Amino acid sequence: MEKKVFLSEKDMPRAWYNIQADLPHPLPPPLNPATGEPITPDMLEAIFPMNLIEQEMSLSRSIPIPDEVLEQLLLWRPTPMYRATALEKRLGTPARIYYKNEGVSPAGSHKPNTSVAQAYYNKEAGIKRLTTETGAGQWGSALAFACNRFGLEIKVYMVRVSFDQKPYRRMMMETWGGTCVPSPSPDTSAGRGFLEADPDHSGSLGIAISEAIEDAVTSENTKYSLGSVLNHVLLHQSVIGLEARKQLESIGEYPDIIIGCAGGGSNFAGIAFPFIRDKIHGKDIRVIASEPTSCPTLTRGHYVYDFGDTAKTTPLLPMYSIGHGFIPAPIHAGGLRYHGMAPLVSRVFTDGLIEAKAYNQLETFAAGIAFARTEGFIPAPETNHAIACAIEEAKRAKEEGKERVILMNFSGHGIIDLPSYDAYLSGKLQDHVMPDEEIEKLLKELDEYPKPK
Ligand SMILES: *Cc1c(COP(=O)(O)O)cnc(C)c1O
């Protein structure tokens, strides 16, 4: 038995997998909130280049990865797959646990899988500069890395409180040549409005999105870029599952259970969708999305048309949501604090192709510590949600005496999130469970809009 399974560079997938071609029920279209009508591609052109809009709407099963993108992905891909032998031993489980290590990318997470593709397509479309928002900085740093590879300028609007408290990812962005400012900033009219009301405004993701979009719409040769939720982002992440399938095949394995943590849904979709294709065609597997109890989008949200952002600037998206007005509790898994779930992940959830489970913050850190003390790698706080779920399933396999194969996505390492481990180890972390009344109240605001079918 080997600890790691590598894939050679020549076996790197040459095309992305688009689950839209295999869905039992097609994706409902995004709607224009003013008219209730489906949006047309040209309405997105102010913020995205047409080549990415085409990908967003494509129904082709397989979309070739351009050579220039492949060349960048090959910097760290194919990523290694590990068998979690030490964790299995600690748990005394008959299950075999495999994890795909996406923490080996330059930015330390799965996010560069899409940022390099997005930077490439923008460059192809003649764009010179990208804007985006970032919370804790994972997406901002991944996009700064990608813009460096393709010679694009980048400006990242980073939520002020994170900018002040979590400087290391800003330093990464600047090291790769990007510009990062605290949001609200004096650089946009949206930002100036918030600063006038409160010069010490701590910011929010919603405000940062408004600033990044305003900048893109009002600047020359500039577009906006998003790190999760959208169909083209999930498409780019499919390399994770495509590689994992080949790696398992090479050692004669096939998973019984596939697990990923889910914020906007991109890394979960990345590992899961190529296997969900098999499930649609009859394979008997379980696929589980793991989320925080403080942001229980799939486990307690509703399938609605909702805005992608707090400021209601986006089209209405058909998704599981707890409401765009959601203000997240300050949990450390910053990447999992999004109010909605990717339309494609929401769709397969309504069709019963995936399950969802929510975990409390303390349980996820206990899982992360168990992982670090057995497998060695220190996981990102987001990744700890997938590990908590994998541990639960490995224990169940033990109770039932079943030799199950569990595949999990290790979405990123936690070296830049070490203060969160410090807080956990010194007893300063708490659980934040979202009350039902709050979800009902937030969703009530959406009553005036249609419901997706
Ligand atoms: C951003 C992030 C996530 C959550 O985003 P998804 O789009 O749901 O994948 C999970 N893990 C890590 C390490 C992240 O950086």
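Numbering of ligands and ligand atoms starts at 1, following listing order. Values reported hereafter were calculated over all heavy atoms of this structure, with side chains retained and with hydrogens, waters and symmetry mates removed. Only a predicted model underlies this, so the values are computations on that prediction, with no experimental measurement involved.
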Nitrogen or oxygen atoms of N267 and ligand 1 under 3.5 Å apart: yes

Taking atom 11 (N) of ligand 1 as the reference point, the nearest protein heavy atom with its distance: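 Going by distance alone, atom 11 (N) of ligand 1 is nearest to S411 OG, 2.7 Å.
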
Nearest neighbour in protein (non-hydrogen) for atom 5 (O) of ligand 1: G335 O, 3.9 Å

Interatomic spacing from CD1 in I209 to OH in Y157 - rounded to 0.5 Å: 13.5 Å

F163 six-ring centre to R170 NZ/CZ under 6.0 Å and within 45° of normal: yes

NZ (K451) with more than 12 external heavy atoms under 6.0 Å: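 Buried by this count: over 12 neighbours within 6.0 Å.
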
More than 12 heavy atoms of other groups within 6.0 Å of K3 NZ: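 Counting neighbours around NZ of K3, more than 12 heavy atoms of other residues, nucleotides or ligands fall under 6.0 Å, so yes.
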
Could you tell me, atom by atom, which parts of ligand 1 come under 4.0 Å of a heavy atom of [X]?
| X | value |
| --- | --- |
| G412 | 13 (C) |
| G263 | 8 (O) |
| G265 | 6 (P), 7 (O), 8 (O) |
| A380 | 13 (C) |
| Q138 | 15 (O) |
| S228 | 6 (P), 7 (O) |

Throw together a table of side-chain donor-acceptor distances under 3.5 angstrom for residues 264-279, partners on residues two or more places apart or in other chains.
residue: S266; atom: OG; partner: H110; partner atom: NE2; Å: 3.4
residue: N267; atom: OD1; partner: N409; partner atom: ND2; Å: 2.9
residue: N267; atom: ND2; partner: C261; partner atom: O; Å: 3.1
residue: R277; atom: NE; partner: D22; partner atom: OD2; Å: 3.4
residue: D278; atom: OD1; partner: R245; partner atom: NH1; Å: 2.9
residue: D278; atom: OD2; partner: R245; partner atom: NH1; Å: 3.1
residue: D278; atom: OD2; partner: Y254; partner atom: OH; Å: 2.6
residue: K279; atom: NZ; partner: I285; partner atom: O; Å: 2.8
residue: K279; atom: NZ; partner: L353; partner atom: O; Å: 3.3

Shortest reach to atom 15 (O) of ligand 1 by a heavy atom, considering only E382, K111, Q237: K111

Trace of the side chain to side chain contact (heavy atoms under 4.5 Å, CB included) decision for V433 with N360: CA-CA 7 Å; V433 178; N360 285 321; 3.4 Å; yes

Ring pair (Phe, Tyr, Trp, His ring centres under 6.0 Å), paired with Y82, selected from F371, F377, F6: F377

Verdict with reasoning, V233 to N113, per side chain to side chain contact (heavy atoms under 4.5 Å, CB included): CA-CA 9 Å; V233 178; N113 294 332; over 6 Å; no

Sub-4.0 Å heavy-atom approach of H413 to ligand 1: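 Judged by the 4.0 Å heavy-atom criterion, H413 does not count as contacting ligand 1.
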
